[in-house]
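Data first, discussion second: the structure below is written as structure tokens.
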Amino acid sequence: MVSGKKLRLFHFLFEMLEDPGMAHCLYWVPASVGVFRFSSTYKEHVAALWGQRKGNRRPMTYQKMSRALRNYTRSGEIIKVRKKLTYQFSGATLTTLRSQQRMKNA
DNA sequence: ATCCCTGGGATATTCG
DNA sequence: CCGAATATCCCAGGGA
């Protein structure tokens, strides 16, 4: 048991993106709504943090985290952008994420 | 050819 | 026991 409440991968990534301190490893791509990119140098750090947050037995890697990201293609939360290490939240997912963020800050 | 990124099937695990 | 959401494993394809 990690904490009791489920934290989804896309929620975690959104949190990282909203944290200025994480900008060196994960950041929004200017000019495109909901598009973000991993730093090729620190992508493994983001994965490691995700694995720690979930309390996984074995360390999380970008390879495994990206596999989970590809599953979102089927469910529609996130789609892959043709550019390297770049993905995009679907409009609906982004709307949900942003509204939840407002409620938290209110 | 090598490295790195990408795509996805199969199976295991955790939790409600 | 069942299903959702990964987690883990693994292999293949493509581009610089």
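Here is how names work: the chains are called A, B, and so on, in the same order as the sequence lines, proteins then strands, and each is numbered from 1.
Distance from the side chain of A:Tyr62 is smallest for B:dT6 among the nucleotides B:dT6, C:dT8, C:dT6. Ranking C:dT8, C:dT6, B:dT6 by closeness to the A:Lys54 side chain, first place goes to C:dT6. Here the nucleotide nearest the side chain of A:Lys80, chosen from B:dG7, C:dT6, C:dT8, is B:dG7. The nucleotide whose nearest atom lies closest to any side-chain atom of A:Gln63 is, among C:dT6, C:dC10, C:dT8, C:dC10.
In plain terms, the two heavy atoms of A:Met65 and A:Lys43 that are nearest each other are CE-O, 4.5 Å.
Side-chain to base pairing of A:Arg67 with B:dG7: no donor and acceptor N or O lie closer than 3.5 Å to each other.
The residue A:Met65 sits apart from the nucleic acid: no heavy atom pair falls under 4.0 Å. Here A:Ser40 lies in heavy-atom contact (under 4.0 Å) with sugar-phosphate atoms only. Counting any heavy atom pair closer than 4.0 Å across all strands shown, A:Tyr72 reaches sugar-phosphate atoms only and no base atom.
Taking atom NZ on A:Lys84 and atom P on C:dA16, their separation rounds to 9 Å, with Å as the unit. Between the C1' atom of C:dC9 and the CE atom of A:Met60 lies a distance of 12 Å, rounded to the nearest Å. The distance from atom CG of A:Leu69 to atom P of C:dA7 is 11 Å, rounded to the nearest whole Å. A:Arg57 places its CZ atom 10 Å from the P atom of B:dC15, with the value rounded to the nearest Å. Residue A:Leu9 contributes atom CG, which lies 18 Å from atom P of C:dA4 at whole-angstrom precision. Between A:Arg74 atom CZ and B:dA10 atom C1' there is a gap of 13 Å when expressed in whole angstrom units. Note: CG (A:Leu85) to P (B:dG7) measures 11 Å, nearest angstrom. For the pair A:Arg8 CZ and C:dT6 C1', the interatomic distance rounds to 9 Å; values are reported in whole Å.
Aromatic ring centres of A:Phe14 and A:Phe36 lie farther apart than the 6.0 Å criterion allows.
A salt bridge does not link A:Lys104 to A:Glu15: none of the charged side-chain nitrogens sits closer than 4.0 Å to a carboxylate oxygen.
Base pairing annotation: B:dA1 forms no Watson-Crick or G-U wobble pair, as no partner gives both donor-acceptor distances under 3.5 Å.
Atom OH of A:Tyr42 has 12 or fewer heavy atoms from other residues, nucleotides or ligands within 6.0 Å.
Remark: A:Asn56 is in phosphate contact with C:dA7, judged by side-chain N or O atoms under 4.0 Å from OP1 or OP2. OP1 or OP2 of B:dC5 has at least one side-chain nitrogen or oxygen of A:Lys43 nearer than 4.0 Å.
Side chain of A:Lys64 to backbone of A:Pro59: a donor-acceptor contact under 3.5 angstrom is found.
Nearest-nucleotide positions on DNA chain C for A:Trp50 and A:Arg70 put A:Trp50 closer to the 5' end.
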